[in-house]
Amino acid sequence: MYITTTIAYVNARPHLGYALELVQADVLARHHRRRGEPVRFQTGTDDNSLKSVLAAEAEGVPVRELVDRNAAAFEGLRETLDLSFDSFVRTSAQPRHRAGVERIWQAVGHDLYRRHYEGLYCVGCEQFYPQGPCPDGHAAPLQHVSEENWFFRLSTYQDALSDLIRSGRLRIEPAARRNEVLAFVEAGLEDISVSRSAARARGWGIPVPGDPSQVVYVWWDALANYITALEGGDYDRWWVDEPRKVHVMGKGVIRFHAVYWPAMLLSAGEPLPTEIFVHDYVTAGGRKISKSAGGGADPVALVDAYGVDAVRWWLLREVPRVGDVDFTEERLVARADEDLANGLGNLVNRVATMVHRFLDGHVPPAGERLVEVRVDEALDAFDFRRAAGEVWRIVEEANRYVERTRPWKQSRAGQEASLGTLVAACRELAVHLEPFLPTAAARVAAAVGGERLPRPEPLFGRLAPAGAHG
RNA sequence: GGGGCGGUAGCUCAGCCGGUCAGAGCAUCGGACUCAUAAUCCGUGGGUCGUGGGUUCAAGUCCCACCCGCCCUACCA
C-alpha cells in the first residue's frame, strides 16, 4: 500500500488537525506492515506557497529561512507523534520534485493553453473567487489580478472523472464525500488556471517549462508530489504496480485531489490513485483551529503535557468517521484516564501482579483465546474509532475474565489456566495495539514478555486535570 | 440559489438493505469483589429516535415538506 498525507503549508507550525491526518495515515501504514504487506508511507511539506512568502515578509526573515524552520517542525512530528513515514517530501528542496513537475507539465502539454484571466485572488486560500470577500474570512483583502496564465482543459475530463468515481475505480470515502465530488463534477467542469505570473509570486515556485514569466500553480506543484517523490527507482513499484494507492486528506482539499489531480494524471497518461480518504476537522473548545493560535491545539505541547499515547489515543478513539469533532484537554484526559490508566494499564498490572504472587512470576502456557478482534474491516472502511474499539474489546474481555475466574480463589492448576489465558490475551493485545499506540504497545509487550515476568509497575498514571499542570 | 451531511438517553455517539433498533460508553444511583493504578465486575434509572405529514401489516430505518447546525458549490440584480 502506498499511503500519503497531504503535504502541509509551512507558513505556520503544525496544529492538531494535521496531527490527526498524520496519525490516521500512520495507523494504516503500521497495520498493513504488521500484516506483512509492503508499505510506503509518505508525507512532507508544501514549500512553494505564496503564503510562505508573505509569512516570511511579515516576519522579516528570508523565505528560505522561514520555510526551512517550519518544515523542520513538521518533520519533527515523526518523533513527537511516533510516526513511521518512510519518506518526507520537501517540494522546494528536492531536485527530483522540480524535475517531476516539469515532466508532468510537458506530458499534459496537449491540454494546456494561454488565456487572459482576471479575478479576485485570495492568498489565504490560494484560489480565485468571482467576488469577495473570501468565504473563509482570511484577513488579507482579495487581490485584483489581471494577467495571462496557462489553462488546463479540465472540461474535457468531466465524463471520464464521473465514470471513474461511479465505477469505483477511484474510491472516495466516506460516501458523503464521494457524492459531493460527483455533484461537483456532474454540474459541469470549467478549465482551470494552472500558472501564476512569476512577478506576483515573487519568483518563488517552479518556473513553467519554456515560459519563465510564469510559475506553476502551487496546487499543481503540490499534487505532483505524490509521484515526483517516486521519481527514479520507486516509481514503477509504487505508482504503476502497486494495487492500492491511498491519499489521506482533510475535507477542504477534496476537489484538488478527487478532480484536478486525477484529471492531470489522465491527461498525462499516468496511472491513478485508487482511494481517497477524507477526514473532517478538529475544532478546539468549539472554535475552528487557526494556524497562528497555538492554544490547546498544538500537538507538540499536548504531547509534552500528556504523552504521545494519550494524544494518539484521543485522535483515534474519539474522532468520528464523519463530522467535525471538538477537542478539549478535559476530554483527552478523561479518555486517557478511563482507557489507558484504568483499562489497559490496570489490566496489565493486575495480571502481572497475580502471576508474581501466585506463580512466582513464571508464565504458564497459553490457554484459550478470549476474543477475536476484527480491526481489518474497520480500517478498510477508514473507521479508526471502530477499529480502536475492536482492539479495546480485548481489554474489556480480559477484565471480565478476571472477575469471572477469580484467580485468587483458584487452585494452583486453576491459576495456571486462567493466568495463562490472561497473559496470552495481554500479549495479543500488545500486537493489535501497535498500529494505534506503538509506544504503549511496546510497554505492554515488555510487561508481559518472557518466561518470567518482570516486576510489575504501573504503565499509565492518571493525568493531571487540564490546566493543573505546570 | 443548488447539492450534501448531521439533529437518537445529562454528555459523546452506534444503529447497513424497514420488522428484539430503542442501544453502547461516560456521568448518576445500588450491589459484588479485593489480584490491581480509590482500579475492576454486575445491575438500576433515564429518550414521543428535530417537527408535521405520507407509504406499509410494520419506520430513527423509505418518501415529501419544514425547523436547526455544519460542509461543498454557485451567485439570479
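Chain letters run A, B, ... following the sequence lines, proteins first and then strands; every chain starts at 1.
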Query - Separation of the C1' atoms in B:C64 and B:A59, to the nearest angstrom - result: 15 Å

Report task. Please tell me which of the listed nucleotides, B:C13, B:C71, B:C35, lies nearest to the side chain of A:K251? Result -> B:C71

Report task. Report the distance from atom CG of A:D280 to atom P of B:C72, rounded to the nearest whole Å. Result -> 10 Å

Requested in this report: When you get a sec, tell me which of B:C70, B:C41, B:C33 is the closest nucleotide to the side chain of A:R400?
Outcome: B:C41

Query raised in the report: Touch check for A:E318, heavy atoms < 4.0 angstrom, all strands: base, sugar-phosphate only, or nothing?
Result: nothing

Query raised in the report: Nearest to the side chain of A:R350 - B:C35, B:A32, B:C42?
Result: B:C35

Report task. Answer with base, sugar-phosphate or nothing: what part of the nucleic acid does A:R177 contact at a heavy-atom distance below 4.0 Å? Result -> sugar-phosphate

Query raised in the report: Is the side chain of A:R166 donor-acceptor paired with the backbone N or O of A:L161 at a distance under 3.5 Å, no angle test?
Result: no

Requested in this report: With heavy atoms under 4.0 Å as the rule, sort A:R386 into base, sugar-phosphate or nothing.
Outcome: nothing

Query raised in the report: C1' atom, B:C33 versus B:A9: distance in rounded Å?
Result: 29 Å

Query raised in the report: What is the ring orientation for A:F85 with A:F41, classed by angle as parallel under 30°, tilted 30 to 60°, or perpendicular over 60°?
Result: perpendicular

Query raised in the report: Taking A:R427 for the side chain and A:V448 for the main chain, is one N or O donor matched with an acceptor at less than 3.5 Å?
Result: yes

**Report entry** Rounded distance in Å - CD (A:E338) to C1' (B:C41)
**Finding:** 13 Å

Query raised in the report: Given the C1' atoms of B:U48 and B:G60, what is the spacing between them in whole Å?
Result: 12 Å

Report task. Identify whether any heavy atom of A:I254 sits under 4.0 Å from a base atom; if not, whether one sits that close to sugar-phosphate; answer base, sugar-phosphate or nothing. Result -> nothing

Query raised in the report: Donor-acceptor pair under 3.5 Å: do we get one between A:N346's side chain and the base of B:A39?
Result: no

**Report entry** Whether A:H31 side chain and A:V27 backbone form a donor-acceptor pair below 3.5 Å
**Finding:** no

Query raised in the report: Quantified in whole Å, what is the P atom distance between nucleotide B:G19 and nucleotide B:A77?
Result: 49 Å

Query raised in the report: Say you pick atom P in B:G52 and the same atom in B:U8; how far apart are they, in whole Å?
Result: 15 Å

Query raised in the report: Reckon A:N349 touches a base, only the sugar-phosphate, or nothing at all at heavy-atom distances under 4.0 Å?
Result: base

Query raised in the report: Any donor-acceptor pair under 3.5 Å linking the side chain of A:R452 with the backbone of A:D360?
Result: yes

Query raised in the report: Is A:R335 touching bases, backbone alone, or none of the nucleic acid, heavy atoms closer than 4.0 Å?
Result: nothing

